[in-house]
Amino acid sequence: MRADRQAGYRALQLVILSVLLLYGCGQERPDYPQRQMPQGMMEDGAQLAAGHTLFSDKCASCHGKPSEGLSGRAAFFQPPAPDFSETHYRDSDPAYLFWRIEVGKTVEPYLSSGSVMPAWRGLTDREIWQLVAYLKTRAK
Ligand code: HEC
């Protein structure tokens, strides 16, 4: 009886592990540097407002104005520009968003995918964090 249960647990563990592995591989997310968002950024209205302004100036033309959701232009791109009002952006790793804004299409797999996402190396780290904080709070 006890051995049965142990075998059952082991089978369950294997299933969970396989699912996690498959899920992990399916993501095809390349390695990116780990970074910490400066503390309090997500709760600081001034930082979020700065992120909002940066987004309206530099990003909304492709990703969509905060007022309209997804830009009509987003779908002309292949791959399309994502809509940052999508809920899952709330849970996105801030370090991933930071890195995507910093390097844009200049790294694989985005480089050969035909992405038009610019690299924003001209922005300061603080400005990129302001954008990340804004994107994470903007998601519905
Ligand atoms: C010329 C159009 C264009 C502009 C301007 C632009 N983007 Fe993008 N962006 C894209 C496209 C297209 C993609 C999807 C392809 C990719 O991931 O590279 C993308 C992808 C992204 C991603 C990855 C999202 C994900 O789910 O993996 C982030 C983050 C991002 N953009 C943030 C920004 C920010 C912040 C700005 C402004 C500073 C900006 N983008 C400006 C076109 C643009």
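Here the structure is a predicted model, which is why all the values come from computation and not from measurement. Remember, it's 1-based here, ligands and their atoms both numbered in the order they're listed.
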Exercise. Does a side-chain heavy-atom distance below 4.5 Å link Y134 with C59?
Worked result: no
Problem set entry | atom 22 (C) of ligand 1: nearest protein contact (heavy atom, Å) | F84 CZ, 4.0 Å
Seminar exercise, completed: protein heavy-atom neighbour closest to atom 37 (C) of ligand 1 works out as C59 SG, 1.9 Å
Problem set entry | atom 13 (C) of ligand 1: nearest protein contact (heavy atom, Å) | P82 CD, 3.6 Å
For this session: Would you indicate which of F77, F76, Y89 comes nearest to atom 25 (C) of ligand 1 when only heavy atoms are counted?
Result: Y89
Problem set entry | Within-4.5 Å side-chain heavy-atom neighbours: W129 and Q47 | no
Problem set entry | Point-to-point distance, once rounded to the nearest 0.5 Å, from CZ of R138 to CG of L48 | 13.0 Å
Exercise. Do any nitrogen or oxygen atoms of H88 lie less than 3.5 angstrom from nitrogen or oxygen atoms of ligand 1?
Worked result: no
Seminar exercise, completed: On a heavy-atom basis, the closest approach of S92 and K136 is O-NZ, 2.8 Å
Problem set entry | Nearest-0.5 Å distance, CH2 of residue W120 to CG of residue L54 | 9.5 Å
Exercise. Looking only at heavy atoms, is any part of V116 under 4.0 Å from ligand 1, and if so is it the side chain, the backbone, or both, or is it neither?
Worked result: both
Problem set entry | Same cluster (ILVMFWY, side-chain, under 4.5 Å), M117 and F77 | no
Exercise. Just which atoms of ligand 1 are under 4.0 Å from any heavy atom in L97?
Worked result: 29 (C)
Exercise. Do ligand 1 and Y96 have nitrogen or oxygen atoms that lie under 3.5 Å from each other?
Worked result: yes
For this session: Just need the protein heavy atom nearest to atom 1 (C) of ligand 1, so name the residue and atom and give the distance.
Result: C62 SG, 2.8 Å
Seminar exercise, completed: If you scan protein heavy atoms around atom 32 (C) of ligand 1, the nearest is M117 CE, 3.4 Å
Seminar exercise, completed: shortest atom 15 (C) of ligand 1-to-protein heavy-atom contact is with S115 OG, 3.3 Å
For this session: Answer with yes or no whether P80 contacts ligand 1, where contact means a heavy atom under 4.0 Å from a ligand atom.
Result: yes
Problem set entry | K105 to ligand 1, any heavy atom closer than 4.0 Å | no
Exercise. For ligand 1, is F55 a contact, meaning one of its heavy atoms is under 4.0 Å away?
Worked result: no
Exercise. Between F84 and F55, what is the ring plane arrangement, given parallel below 30°, perpendicular above 60°, and tilted in between?
Worked result: perpendicular
For this session: Taking the side chain as every heavy atom from C-beta outward, state whether L135 and Y89 have any atom pair closer than 4.5 Å.
Result: no
Exercise. Roughly how far apart are K58 NZ and L131 CG, rounded to 0.5 Å?
Worked result: 9.0 Å
Seminar exercise, completed: Near P79 (heavy-atom distance under 4.0 Å), the atoms of ligand 1 are 12 (C), 15 (C)
Seminar exercise, completed: Nearest non-hydrogen protein atom to atom 7 (N) of ligand 1, with distance, is H63 NE2, 2.8 Å
Seminar exercise, completed: re atom 11 (C) of ligand 1, the protein heavy-atom contact at minimum distance is A81 CA, 3.7 Å
Exercise. Is the charged tip of R35 near the ring of Y96: under 6.0 Å from the six-membered ring centre and within 45° of its axis?
Worked result: no
Exercise. Do the side chains of P38 and R126 get nearer than 4.5 Å, heavy atoms only?
Worked result: yes
Problem set entry | For atom 23 (C) of ligand 1, the option (of K58, R100, Q78, Q130) bearing the nearest heavy atom | R100
